[in-house]
Amino acid sequence: MNSSPSSTSCSSSSATQQQPPSINHVPDLGGANEMDRVADHTFRSYTLKNNASVGNKRSGKGTAIVWFRNDLRVLDNEPLYKAWLSSQTVLPVFCVDPRLFSTTYHFSFPKTGALRAQFLVECLADLRKNLMKFGLNLLIQHGKPEDILPSLAKAFNAHTVYAQKETCSEELNVERLVSKGLQQVVIPSGESNSSTNSNNFPKLQLIWGTTLYHIDDLPFDAGSLPDAVEAKCAIRPCIKLPALLGPPPLVEDWGCLPSLEKLGLSSQNVSKGMKFVGGETAALSRVYEYFWKKDLLKVYKETRNGMLGPDYSTKFSPWLASGSLSPRFIYEEVKRYENERIANGSTYWVLFELIWRDYFRFLSVKYGNSIFHLGGPRKVQQKWSQDKILFESWRDGRTGYPLIDANMKELSTTGFMSNRGRQIVCSFLVRDMGIDWRMGAEWFETCLLDYDPCSNYGNWTYGSGVGNDPREDRYFSIPKQAQTYDPEGEYVAHWLPRLQTIPKEKRNFPGNLYIRQIVPLKFGRLQSDNKSHGARRTNDRRWNRN
């Protein structure tokens with residue numbers, strides 16, 4: 001890649017600390033050098049020749065700002081490409097918005113927990129490094145975007161701010177405030193780029209880019225989204241970038257990466273389980289590792305319901321949620337795999353789950369804020385408990401049911417939980433405990449590395465029976481789930497070491513050898529599971545599955 005301007009000299013606490021060997025790093029390619037080689041090879045494959053695409057040469061004027069949000073990547077980043085195309089200089093910006101580190105709406109949990117905050121810091125460090133490979137840098141500013149972006153637009157006479165379009169109310173409100181702020185900025189005569197802006201103030205140009213299917217390509221309006229998940233429409237190819245995106249404007253101080261302390265959080269090391277490495281470099285490396293190096297894609301459908309270890313599923317979801325990984329890139333890699341190795345049910349299923357992820361995004365457009373309301377999109381009238389003792393026993397993994405407790409321990413320790421585990425703990429909280437589903441959703445918002453509002457709240461409304469789903473009595477029986485997915489108790493013993501000395505067949509229901517069960521099960525006998533209560537017709541809604 002090309003030479004780049006020097007980065008800021010600020011130090012940060014974000015450097016990855018050496019972890020005990022018992023921790024599984026995801027990806028695990030033998031170190032940063034190998035991950036860089038994988039990423040650089042991928043970048044070269046998606047680089048335009050002669051700094052121009054067919055019919056699209058850079059001819060813009062002035063400065064364009066790229067406002068990075070949940071699209072922390074270089075590859076297949078359309079706002080970045082359009083900013084380059086429409087300008088002479090590009091200024092990439094990330095705003096560390098204090099509202100992201102406040103508290104959740106109803107129950108005042110931390111809005112972003114320490115593990116996801118650390119993952120975000122790693123994503124920003126990696127984004128800066130990769131932008132520098134393309135001749136740019138990343139300006140990191142602490143404050144609200146509606147304050148920062150108009151100020152930068154004025155200081156650099158920027159004609160356009162490019163950003164990825166979001167769909168939920170908090171993000172939409174910030175978009176409105178940024179647009180309003182930009183309208184107060186006057187572009188000096190001669191600085192406006194007539195191809196993008198006919199007004200005398202900077203324009204906020206929002207671009208759809210978070211899904212596999214583009215919203216404009218759907219064969220129906222998003223407001224008329226049907227219950228069927230697969231749309232019959234083409235998938236757009238990844239955006240290819242020129243090898244050189246610079247120069248950036250002259251910036252004295254590019255800003256420091258935030259420390260967890262500055263964000264009001266205490267550092268939390270991953271002590272066991274999976275340690276995800278943040279950033280686009282790690283994301284591209286994980287795709288290479290899972291698809292090509294370990295050749296696990298061909299058996300994905302058989303292993304996807306696993307619960308223990310790094311390789312039973314793709315683990316792409318944290319990078320998809322942060323935008324470090326493009327779903328269209330995954331699609332293209334799956335198709336390449338099918339051409340070069342094998343096409344089967346597993347390759348199809350990975351793409352199907354990306355489509356489920358799209359579906360929840362489009363549902364957030366269709367239903368708006370109702371996905372956050374107690375009654376959900378269907379406006380269900382139901383009494384829920386907000387019993388603090390019951391909730392905290394679930395949150396802390398002290399319910400007396402090893403399968404629930406192990407999953408909640410994994411979540412708090414690593415920021416991740418299997419898709420199967422998420423469905424089980426959701427069902428237990430709302431069906432067996434009768435707790436307000438929003439408490440569970442907000443706790444997931446705190447903890448999950450792969451949190452995004454559409455998938456998280458979409459799945460919780462489904463799991464609690466208030467979503468747009470006729471199977472409102474969804475119930476996951478713990479005996480059935482334990483027998484099917486952890487028959488020898490390996491998963492529960494891993495996260496609850498006191499169970500390791502118990503015979504395998506007793507680990508999931510150890511009786512007096514474990515803590516007292518805090519509530520009885522709604523359906524406690526395994527016999528009742530065979531037809532109706534295992535998981536309701538083997539329903540398996542995607543919960544950020546990838």
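Just so it is clear, the model here is predicted, and its values are computed rather than measured. Throughout, numbering of the chain's residues begins at 1 and tracks the sequence.
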Margin query: One pair to check against side chain to side chain contact (heavy atoms under 4.5 Å, CB included): N407 and S418. What are the steps and the verdict?
Written below: CA-CA 8 Å; N407 273 288; S418 70; 4.3 Å; yes
Next item on the list: Evaluate side chain to side chain contact (heavy atoms under 4.5 Å, CB included) for E166 paired with R361, printing each intermediate quantity in order.
Entry: CA-CA 9 Å; E166 293 294 332; R361 176 70 58 161; 3.0 Å; yes
Notebook entry, point to check: Taking it one step at a time, do V96 and F94 satisfy side chain to side chain contact (heavy atoms under 4.5 Å, CB included)?
Noted result: CA-CA 6 Å; V96 184; F94 183 84; 4.0 Å; yes
Margin query: The test is side chain to side chain contact (heavy atoms under 4.5 Å, CB included); show your working for Y312 and L296 and say whether it passes.
Written below: CA-CA 8 Å; Y312 60 81; L296 294 169; over 6 Å; no
Check: When you look at F109 and F391, which way does the ring pair (Phe, Tyr, Trp, His ring centres under 6.0 Å) test go after all the steps?
Finding: CA-CA 13 Å; F109 305 145; F391 173 77; 5.5 Å; yes
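With respect to K111 and E170, a salt bridge is recorded, a charged nitrogen being found less than 4.0 Å from a carboxylate O. Ion pairing between a basic and an acidic side chain is recognised when a charged N comes within 4.0 Å of a carboxylate O; K129 and E280 show no such pairing.
Aromatic pair Y462/F360: ring centres closer than 6.0 Å. Aromatic ring centres of Y337 and W292: separated by under 6.0 Å. Taking the six-membered ring for Trp and the full ring otherwise, F316 and F291 have centroids separated by under 6.0 Å. In this structure, F416 has its ring center at least 6.0 angstrom away from the ring center of F444.
With sequence neighbours excluded, the residues satisfying ring pair (Phe, Tyr, Trp, His ring centres under 6.0 Å) with Y401 are F428. Taking the side chain to side chain donor-acceptor pair (under 3.5 Å) definition, one finds that R69 meets it with E175, sequence neighbours left out.
Contact annotation: the side chain of R420 approaches that of F476 to within less than 4.5 Å [non-hydrogen atoms, C-beta and beyond]. K275 places none of its side-chain heavy atoms less than 4.5 Å from the side chain of N24. With a 4.5 Å cut-off on side-chain heavy atoms, T461 and Y367 do not count as touching. Side chains of S285 and V277 form no contact here, defined as non-hydrogen atoms less than 4.5 Å apart. Contact check for P110 versus T103: no side-chain heavy atoms found under the 4.5 Å cut-off. Taking 4.5 Å as the limit, some side-chain heavy atom of R357 sits within range of a side-chain heavy atom of T210.
Side chain of E289 to main chain of P27: no donor-acceptor pair is present (N/O by atom type, distance under 3.5 Å, no hydrogens or angles).
With W495 as the aromatic partner, K409 does not meet the cation-pi criteria of under 6.0 angstrom to the ring centre and within 45 degrees of the ring axis.
Residues N344 and K298 come closest through the heavy atom pair ND2-O, 3.0 Å. Of all the heavy atoms in S412 and L115, the pair that sits closest is O-CD1, 3.8 Å. Counting all heavy atoms, side chain and backbone alike, I404 lies closest to T399 at CB-OG1, 3.7 Å. What you find for F119 and G278 is that their closest heavy atoms are CE1-CA, 3.4 Å. The two atoms that bring V492 and A406 nearest to each other are CA-CB, 3.9 Å, heavy atoms only.
The distance from the CG atom of N419 to the CD1 atom of I424 is 9.5 Å, given to the nearest 0.5 Å. Atom CZ of residue R286 and atom CD1 of residue I330 lie 11.5 Å apart, to the nearest 0.5 angstrom. Atom CG of residue D452 and atom CD of residue E171 lie 9.5 Å apart, to the nearest 0.5 angstrom.
Within 6.0 Å of NZ in K293 there are more than 12 heavy atoms belonging to other residues, nucleotides or ligands. More than 12 heavy atoms of other shown residues, nucleotides or ligands fall within 6.0 angstrom of atom NZ in K165.
The aromatic rings of Y451 and Y457 stand perpendicular to each other, their planes meeting at an angle above 60°, with 30° marking the opposite boundary.
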